Amino acid sequence: LEARQRLGIALGIPAEEIWTLATPASDFPTVADLNPPQGASADSLALDAPSRRADLAAARARRASAAALQEGYASDTKSRLDVVVVMGYAGGERGSAFRQYYSSIYQGVAGLNSTVQVNYQPALSNAGARGRLEQAEVSVDRSSLVLADLSRTAVIAARVAAEGLRAARLQLETAEIAVGLSEQSVASEMTKFRLGMSTRFDVIQTEDALTGALQSRIAAQVLAAQALVRLRFESGRLLRGDDIHSLRVDVPSLLHAGANEW
């Protein structure tokens, strides 16, 4: 019930629909399903992680946005010279001479008219623009630092996740061996009990040991599944799709990691 509740909250579905979620349709991954990347494959997986992670893509977009603002604010800090020319024609005046069409330019009478306005703003007077530029520069520096830190962390996290999957597989192998040995012990003790060579208490002790081994195997299975999902996430291979509307979790990849799939 707790796992179903956490899943429903992660999916963002209404509270009344959480309890209608179906039970899991797939079992835990087995040892044969866990093939952690090795050698050059692990190195390539880690180095390729920054280019596939969605959070890093968002960080790059934020840095590009900050750089665009910086460029705009930088142009505002420069001196400005604006020349405004307005031309028009007002009213009419009777006359046969050609000078009627150009004399109004300097005499201000009806006919063709024009105005010229020159505005100059020195850079020293735009203190607000300089302040905004400094803020934009700080924002670009901060975005660059965040992007660099995320990239470095993604590479390290992918390497750690690969080692975590390898350790989880070894732990699951050990748990499987322990369950097999405990089952053999129970069978042997039952045979000895039927032959009168042991007591019921001996059988109960071996069955209790088998129960502990089964519980340890379940814990190892959970750890292996989490390690596989973590490696998929850290390497940027948890989701499949080209755009936000087609993104989906590749369920088979969460249950199986082939030797050549990395």
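What you see is a predicted model, and the numbers here were worked out from it, not measured in a lab.
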Peer 1: One pair to check against side chain to side chain contact (heavy atoms under 4.5 Å, CB included): E207 and T211. What are the steps and the verdict?
Peer 2: CA-CA 6 Å; E207 289 177 342; T211 301; 5.5 Å; no
Peer 1: Rounded at 0.5 Å granularity, tell me how far NZ in K192 sits from OG in S185.
Peer 2: 9.5 Å
Peer 1: Please say which of L170, L228, V160 ends up in a side chain to side chain contact (heavy atoms under 4.5 Å, CB included) with L165.
Peer 2: L228
Peer 1: Among all residues two or more places apart in sequence or in another chain, which pass the side-chain contact (heavy atoms from CB on, under 4.5 Å) test with T191?
Peer 2: R194, L195
Peer 1: For L181, enumerate each residue passing the side-chain contact (heavy atoms from CB on, under 4.5 Å) test, keeping only those at least two apart in sequence or located in another chain.
Peer 2: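 So L181 forms a side-chain contact (heavy atoms from CB on, under 4.5 Å) with I177, Q184.
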Peer 1: Using the salt bridge (charged side-chain N to carboxylate O under 4.0 Å, His left out) criterion, which residues pair with D55? Sequence neighbours excluded.
Peer 2: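 For D55, the residues satisfying salt bridge (charged side-chain N to carboxylate O under 4.0 Å, His left out) (neighbours in sequence not counted) are R53.
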Peer 1: Identify the two heavy atoms, one from A220 and one from A175, that lie closest to each other, and give their separation to 0.1 Å.
Peer 2: CB-CB, 4.0 Å
Peer 1: Evaluate the criterion side chain to side chain contact (heavy atoms under 4.5 Å, CB included) for residue pair V146 and L150; output intermediate values, then yes/no.
Peer 2: CA-CA 6 Å; V146 171; L150 284 176; 4.0 Å; yes
Peer 1: Given side chains that start at C-beta, do those of T153 and D149 come closer than 4.5 Å, heavy atoms only?
Peer 2: yes
Peer 1: Measure across G164 and A227 and return the closest heavy-atom pair with its distance rounded to 0.1 Å.
Peer 2: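 That closest heavy-atom pairing would be O-CB, 4.0 Å.
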Peer 1: Under the side-chain hydrogen bond (donor to acceptor under 3.5 Å, both in side chains) test, which residues partner E134, sequence neighbours left out?
Peer 2: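 Residues passing side-chain hydrogen bond (donor to acceptor under 3.5 Å, both in side chains) with E134: none at all.
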Peer 1: Nearest 0.5 angstrom please: L69 CG to S139 OG, how far?
Peer 2: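 Rounded to the nearest 0.5 Å, the CG-OG separation comes out at 7.5 Å.
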Peer 1: Okay, side chain of S44, backbone of A40: is any donor-acceptor separation there less than 3.5 Å?
Peer 2: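 Answer holds: no.
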Peer 1: Output all residues satisfying side-chain contact (heavy atoms from CB on, under 4.5 Å) with R159, sequence neighbours left out; order by chain, then residue number.
Peer 2: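 Result, side-chain contact (heavy atoms from CB on, under 4.5 Å) vs R159: D43, A46, L47, V155.
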Peer 1: Tell me every residue that passes side-chain hydrogen bond (donor to acceptor under 3.5 Å, both in side chains) with S188, counting only those two or more places apart in sequence or in another chain.
Peer 2: none
Peer 1: Whether the side chain of D33 engages the backbone of T30 through a donor-acceptor N/O pair (distance < 3.5 Å, no angle test) should be reported.
Peer 2: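 Flag set: sc D33 to bb T30 pair under 3.5 Å.
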Peer 1: Atom CD1 of I218 and atom CG of L223: how far apart are they, to the nearest 0.5 Å?
Peer 2: 13.5 Å
Peer 1: Would you be so kind as to tabulate the donor-acceptor pairs closer than 3.5 Å made by side chains of residues 3-19, with sequence neighbours excluded?
Peer 2:
none

Peer 1: Of all residues at least two apart in sequence or in a different chain, which pass the salt bridge (charged side-chain N to carboxylate O under 4.0 Å, His left out) check with D208?
Peer 2: none
Peer 1: Enumerate the residue pairs fulfilling salt bridge (charged side-chain N to carboxylate O under 4.0 Å, His left out) with a member in residues 172-183, sequence neighbours excluded, ordered by first and then second residue.
Peer 2: R169-E173, E176-R217
Peer 1: Got a sec, which pairs hit side-chain hydrogen bond (donor to acceptor under 3.5 Å, both in side chains) with one end in residues 58-73, sequence neighbours left out?
Peer 2: R63-S144
Peer 1: Nearest heavy-atom pair of V118 and L81: which atoms, and what distance?
Peer 2: CG1-CD1, 3.7 Å
Peer 1: To the closest 0.5 Å, what do you measure between OG (S51) and CG (L56)?
Peer 2: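 It comes to 9.0 Å.
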Peer 1: Hey, does Q221 have a side-chain heavy atom less than 4.5 Å from the side chain of L172?
Peer 2: yes
Peer 1: Got a sec, which residues hit side-chain hydrogen bond (donor to acceptor under 3.5 Å, both in side chains) with S198, two or more places apart in sequence or on another chain?
Peer 2: E189
Peer 1: If you look at every heavy atom in L147 and A59, which pair is closest and at what distance?
Peer 2: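 Minimum heavy-atom separation between L147 and A59: CD1-CB, 3.8 Å.
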Peer 1: On a heavy-atom basis, which atom in A209 and which in S182 lie closest, and how many Å separate them?
Peer 2: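 Closest approach of A209 to S182: O-OG, 4.0 Å.
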Peer 1: Please name the pair of heavy atoms, one in L34 and one in P29, separated by the smallest distance, quoted to 0.1 Å.
Peer 2: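 Looking at all heavy atoms of both residues, the closest pair is CD2-CB, 4.1 Å.
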Peer 1: Is there a path of hydrophobic side-chain contacts, each under 4.5 Å between heavy atoms, that joins V31 and L214?
Peer 2: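 V31 and L214: separate clusters.
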Peer 1: Could you list the residues that satisfy side-chain contact (heavy atoms from CB on, under 4.5 Å) with T199, not counting sequence neighbours?
Peer 2: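 Listed in chain order: F201, D202.
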